[in-house]
Amino acid sequence: MASLVLCLVIFAFCSLHYSLASNNFNQDFDVTWGDGRAKVSNNGKLLTLSLDKVSGSGVKSKKEYLFGRIDMQLKLVRGNSAGTVTTYYLSSQGSTHDEIDFEFLGNLSGDPYIVHTNVYTQGKGDKEQQFYLWFDPTADFHTYSILWNPQTIIFYVDGTPIRVFKNMKSSGVPYPNNQPMRVYASLWNADDWATRGGLVKTNWSNAPFIASFRNFKDNNACIWEFGKSSCTNSTKSWFSQELDSTSQARLQWVQKNYMVYNYCNDINRFPQGLPLECTFNSTTN
């Protein structure tokens, strides 16, 4: 019996170790554009995307997911990154696609990056919230996570929640819960809008601009393949996870001190009335 238990423990450990260590950009992602500007190194552990005046670059995951927690560590473009946008997001395809966005809007040297978040449902976005960060995202890698389950979407930075979008379909608010999505990452020029509404243009003398990615994790995610999910039941803790009181306090701290734009406060943008979800608790949308 003891030997059987030991074997089971060893098997469980090895299986866990393999699942945690198996993520490899060569195995998990396809380069979608950039003509050689997306490069994988360090035995598949590091992805760099570059942007110059000719082109940016991008990748997408080989797998599709229907719910999960996705983690990625990013180190953003250093120095004068004005006009550039680094993205990391989930998206399905088509005119009625769903999408969950992290976009990082570059800025002049010494000015803070803006983290731009959005949620698309059935092809419609217009749910932007923007934040400054409480650290320099260009000096080192930091972890950016998306938790997406049937109840809620939570955006995390280094484990701290910055935004929550709840499932309010029962109140008539669309929610992305039936379209499998892939993970995308890209670096591109958006100097027509990215920095101060397009007033600051990309300084191409600083090119190539480089953003780095590592430690992609999809271990807590439901892989969608052949029309069905790899999650056969909903007993996984993340599948029903919501914020506890400590995380709620952290969320409120971020939104009080670092939020720079919330569509739910933009009455000039919505003269006919704020979107329906904004009538609920605005700190969670």
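Please read all numbers here as calculations on a predicted model, not as lab measurements. Both backbone and side-chain heavy atoms feed into the values below; hydrogens, waters and symmetry mates do not.
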Looking at [atom1] of [X] and [atom2] of [Y], how far apart are the two atoms once the value is rounded to the nearest 0.5 Å?
X: Leu147; Y: Thr152; atom1: CG; atom2: OG1; answer: 7.0 Å
X: Thr48; Y: Phe213; atom1: OG1; atom2: CZ; answer: 9.5 Å
X: His142; Y: Thr160; atom1: NE2; atom2: OG1; answer: 11.5 Å
X: His97; Y: Thr121; atom1: NE2; atom2: OG1; answer: 9.5 Å
X: Phe104; Y: Thr84; atom1: CZ; atom2: OG1; answer: 11.5 Å
X: Ser247; Y: Gln241; atom1: OG; atom2: CD; answer: 7.5 Å

Which residues share a side-chain contact (heavy atoms from CB on, under 4.5 Å) with Asn220, sequence neighbours left out
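If we apply the side-chain contact (heavy atoms from CB on, under 4.5 Å) test to Asn220, skipping adjacent residues, the hits are Arg69, Trp238.
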side-chain contact (heavy atoms from CB on, under 4.5 Å) with Val31: which residues, sequence neighbours excluded?
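For Val31 the side-chain contact (heavy atoms from CB on, under 4.5 Å) partners, ignoring immediate neighbours, are Ala38, Val59.
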Compute whether any side-chain donor of one residue and acceptor of the other, for [X] and [Y], lie under 3.5 angstrom apart.
X: Ser57; Y: Ser50; result: no
X: Ser205; Y: Asn203; result: yes
X: Asp71; Y: Ser145; result: yes
X: Asp101; Y: Tyr120; result: no

In the structure I gave you, are the side-chain heavy atoms of [X] and [Y] within less than 4.5 Å of one another anywhere?
X: Thr279; Y: Leu274; answer: no
X: Val115; Y: Val157; answer: no
X: Phe155; Y: Ile100; answer: yes
X: Asn177; Y: Lys169; answer: yes
X: Arg214; Y: Lys45; answer: no
X: Tyr144; Y: Pro137; answer: yes

Using the side-chain contact (heavy atoms from CB on, under 4.5 Å) rule, take Tyr156 and Thr143 through it: C-alpha gap first, then chi angles, then the decisive distance, then the call.
CA-CA 8 Å; Tyr156 290 93; Thr143 304; over 6 Å; no
Taking salt bridge (charged side-chain N to carboxylate O under 4.0 Å, His left out) as the definition, give me every residue that meets it alongside Lys60, ordered by chain and number, with sequence neighbours left out.
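Result, salt bridge (charged side-chain N to carboxylate O under 4.0 Å, His left out) vs Lys60: none returned.
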Residues in salt bridge (charged side-chain N to carboxylate O under 4.0 Å, His left out) with Glu64, at least two apart?
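Listed in chain order: nothing, the list is empty.
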Within residues 64-90 or reaching into it, pairs that qualify as ring pair (Phe, Tyr, Trp, His ring centres under 6.0 Å) - sequence neighbours excluded
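Every pair satisfying ring pair (Phe, Tyr, Trp, His ring centres under 6.0 Å) with a residue in residues 64-90: Phe67-Trp148, Phe67-Phe239, Tyr88-Phe102, Tyr89-Tyr184.
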Suppose the criterion is salt bridge (charged side-chain N to carboxylate O under 4.0 Å, His left out): which pairs have a residue in [range], not counting sequence neighbours?
range: residues 125-150; value: Lys124-Asp126, Asp126-Arg269, Glu128-Arg269
range: residues 171-188; value: none
range: residues 238-251; value: none

For Ile210, which fellow cluster members are found when Ile, Leu, Val, Met, Phe, Trp and Tyr are connected by side-chain heavy-atom distances below 4.5 angstrom, either directly or through intermediates?
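Noted: Ile210 shares its cluster with no other residue.
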Through direct or indirect side-chain contacts below 4.5 angstrom among Ile, Leu, Val, Met, Phe, Trp and Tyr, which residues connect to Leu46?
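Direct or chained contacts put Leu46 with Phe141.
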side-chain hydrogen bond (donor to acceptor under 3.5 Å, both in side chains): which pairs involve residues 106-118, sequence neighbours left out?
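Checked against side-chain hydrogen bond (donor to acceptor under 3.5 Å, both in side chains) - neighbours excluded - the pairs reaching residues 106-118 are Ser81-Tyr113, Asp111-Arg196, His116-Gln130, Thr117-Arg163.
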Pairs meeting criterion side-chain hydrogen bond (donor to acceptor under 3.5 Å, both in side chains) with involvement of residues 30-41, two or more places apart
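Sorted pair list: Arg37-Asp52.
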A quick test of your reading: do over 12 heavy atoms of other residues, nucleotides or ligands sit less than 6.0 Å from NZ of Lys228?
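12 or below, so no.
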More than 12 heavy atoms of other residues, nucleotides or ligands under 6.0 Å from CG of Asn42: yes or no?
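Yes - once you tally the heavy atoms of other residues, nucleotides and ligands closer than 6.0 Å, there are more than 12.
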Indicate, with yes or no, if [Y] and [X] share a hydrophobic cluster defined by side-chain heavy-atom contacts under 4.5 Å among Ile, Leu, Val, Met, Phe, Trp and Tyr.
X: Phe209; Y: Val54; answer: no
X: Leu133; Y: Leu251; answer: yes
X: Val254; Y: Tyr261; answer: yes
X: Phe135; Y: Phe131; answer: yes

Heavy-atom pair with the smallest gap, counting every atom of Gly83 and Asn189
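Heavy atoms only, the tightest pair is O-OD1, 3.3 Å.
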